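Notes for the one structure printed next.
Each residue takes its place number in the sequence, starting with 1. Note that the coordinates shown come from a computational prediction; the quantities given were computed from them, not determined experimentally.
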Amino acid sequence: MRPDRTAGGGRRRFLAMTGAGAGIVAGGAAVWQWYRPKRSHSEPDGRYRSLVLAWPAPETDLVMIVARERGFFTNYSLDVTTRAVTTGNQAIAALGKDSVVGAAAPALSWLPALYGGKKAKLIAGLSAGTYRLLVRSHTGIVRLENLVGKTIAVVDEDAADRRFFSVLLRRKGISPGDVHWKAVPADQISGRIASGELDGVVAHDFLAWHLLSGSGGGLTELAGSTTGHYSERINRVFGLDENYLADDPGGGVALALAFRDAGRWIEKHRDEAVTLLAPYLPQMDEDTVSDMLAHEPKPIHLIGHWLRDQMAQYADELKLIDILPDSLDSGSFAQSVCRNVLRP
């Protein structure tokens, strides 16, 4: 991440949005869960498609598991193969290569890549975020301001986890550069926190919940995206390679509808969702998985102007931490990188 700076106009726009605007966006996300377009929209064509999608840890991703195991891909004649990657950045990098036509990644990873020229369109929001900032208990770290000078672990130095909390710090008037971010392999984080080498960690579920629930009270959640207006915002977004979308727009329709149906199923079948997910998380027993899902935001699926509005807000937030230029028109940018595949 480049050195932080004051974001000027972007900061002013962001601060305005985090007041009344944040409530509007949050309310909009809630409305969308029950929104049904009244105008005509594209229908699935029923054509069989075999597709390769780049997906971070697909074996532990509930949306992917449900779409596959509850037959939503099959319902739309989709034979989906996942190219497993570790991070959203890797998923985006794989898009357009070796038959990969689609990718799932956080909005905070997608937007810089798209601004940098990645040839893709965002077609659907998949789920809200589960970012958690965990700190060692009884160390006096009780608010974000206390992080100055502390050492906080990140699994990936350029991951969306760090970007999310950098935005929160900037909103508090704190330079993210005043925190010592340290890249640490996931399997070493717990031990290095226990030894006192690290003051905390930023991560997302399931890793974050596994660390928190397995710490025996040694970790406390200081901040995150699972409550408040952030819980009503999309985090992971699905995008398609521009060439594929131009050649086969019907494939985009089928994928958007399959992911929409998977999200609706998760919302209505939370207990069954636990049963589906638990076998893929042997690090946690079923009760812990159930507790994790109970402390995560409810499913959100966004397309169209609802998705564009949230991408514009994320663009303004990225200006705060100097990832996107303050001169960028966030609304126009969001319009240019999103595509509503359900509209003819």
Side-chain angles (χ1 to χ4, degrees), residues 37 40-59 61 63-68 71-127 160 234-263 301-308 310-311 314 332-344:
S40 61
H41 60 83
S42 300
E43 298 292 340
D45 57 18
R47 178 180 140 200
Y48 172 81
R49 293 173 172 88
S50 179
L51 305 175
V52 180
L53 310 180
W55 207 279
E59 70 281 357
D61 185 275
V63 172
M64 176 56 68
I65 292 170
V66 169
R68 176 171 286 147
F72 296 114
F73 286 144
T74 302
N75 288 350
Y76 294 100
S77 303
L78 296 171
D79 178 12
V80 171
T81 299
T82 52
R83 182 71 50 80
V85 294
T86 302
T87 69
N89 287 331
Q90 291 173 358
I92 295 168
L95 186 63
K97 303 174 182 177
D98 300 324
S99 301
V100 175
V101 300
L108 291 170
S109 297
W110 267 118
L111 296 181
L114 293 167
Y115 178 76
K118 188 67 178 182
K119 301 300 183 183
K121 296 296 183 185
L122 306 180
I123 70 164
L126 298 172
S127 62
I234 280 295
N235 168 46
R236 287 186 313 128
V237 185
F238 182 74
L240 284 173
D241 176 71
E242 281 189 353
N243 291 330
Y244 173 77
L245 193 54
D247 293 341
D248 186 12
V253 173
L255 284 164
L257 292 175
F259 291 133
R260 178 204 64 183
D261 292 355
H301 179 86
L302 296 185
I303 62 171
H305 73 85
W306 304 93
L307 180 62
R308 292 195 304 271
Q310 289 204 13
M311 294 307 100
Y314 273 121
S332 297
F333 175 59
Q335 177 80 23
S336 72
V337 300
C338 294
R339 177 78 56 83
N340 186 352
V341 296
L342 299 187
R343 290 292 176 213

Next on the checklist: Could you check whether any side-chain heavy atom of L53 comes within less than 4.5 Å of a side-chain heavy atom of V101, counting everything from C-beta outward?
Outcome noted: yes

Next on the checklist: Rounded at 0.5 Å granularity, tell me how far CG in L342 sits from CD1 in I123.
Outcome noted: 8.0 Å

Item to check | Test item: R68 side-chain N/O and V80 main-chain N/O as donor-acceptor pair under 3.5 Å | outcome: yes

Checklist outcome for this item: Heavy-atom nearest pair, A120 first then L95, reads CB-CD2, 3.5 Å

Item to check | Verdict with supporting geometry, V341 and I303, side chain to side chain contact (heavy atoms under 4.5 Å, CB included) | outcome: CA-CA 8 Å; V341 296; I303 62 171; over 6 Å; no

Item to check | P106 to A160 - nearest heavy-atom pair and separation | outcome: CB-CB, 3.6 Å

Next on the checklist: Applying side chain to side chain contact (heavy atoms under 4.5 Å, CB included) to D61 and L126, what does each step give before you reach the verdict?
Outcome noted: CA-CA 11 Å; D61 185 275; L126 298 172; over 6 Å; no

Next on the checklist: Can you tell me how far apart NZ (K118) and CH2 (W110) are? Round to the nearest 0.5 Å.
Outcome noted: 7.5 Å

Checklist entry - Is the side chain of Y314 donor-acceptor paired with the backbone N or O of I234 at a distance under 3.5 Å, no angle test? => result yes

Checklist entry - Hey, does P56 have a side-chain heavy atom less than 4.5 Å from the side chain of T87? => result no

Checklist entry - What closest approach, in Å, do L307 and A124 show between heavy atoms, and which atom pair accounts for it? => result CD2-N, 3.8 Å

Item to check | F72 side, atom CZ; L255 side, atom CG - distance, nearest 0.5 Å | outcome: 14.5 Å

Next on the checklist: Using side chain to side chain contact (heavy atoms under 4.5 Å, CB included), reason through V63 and R236 one step at a time and then give a plain yes or no.
Outcome noted: CA-CA 11 Å; V63 172; R236 287 186 313 128; 3.7 Å; yes

Checklist entry - Does the ring centre of F73 sit less than 6.0 Å away from the ring centre of F259? => result yes

Item to check | 4.5 Å side-chain heavy-atom contact, V237 and Q310 | outcome: no

Checklist outcome for this item: Separation between CZ (R49) and CG (D248), nearest 0.5 Å, reads 4.0 Å

Checklist entry - Stepwise, does the side chain to side chain contact (heavy atoms under 4.5 Å, CB included) test hold for V253 with Y76? => result CA-CA 9 Å; V253 173; Y76 294 100; over 6 Å; no

Checklist entry - Between L245 and L240, what is the shortest heavy-atom contact and its length? => result CD1-CD1, 3.7 Å

Checklist entry - Can you tell me how far the CG atom of N75 sits from the CG atom of L257, to the nearest 0.5 Å? => result 10.5 Å

Item to check | Rounded distance (nearest 0.5 Å) linking atom CD of Q90 with atom OG of S109 | outcome: 10.5 Å

Checklist entry - Is any side-chain heavy atom of Y115 closer than 4.5 Å to a side-chain heavy atom of P112? => result no

Item to check | Minimum heavy-atom distance between L111 and F333, given as atom pair plus value | outcome: O-CZ, 3.6 Å

Next on the checklist: Treating K119 as the side-chain partner and L114 as the backbone partner, does any N or O pair qualify as donor plus acceptor under 3.5 Å?
Outcome noted: no

Item to check | For C338 against R308, the heavy-atom pair lying closest together | outcome: CB-CG, 3.5 Å

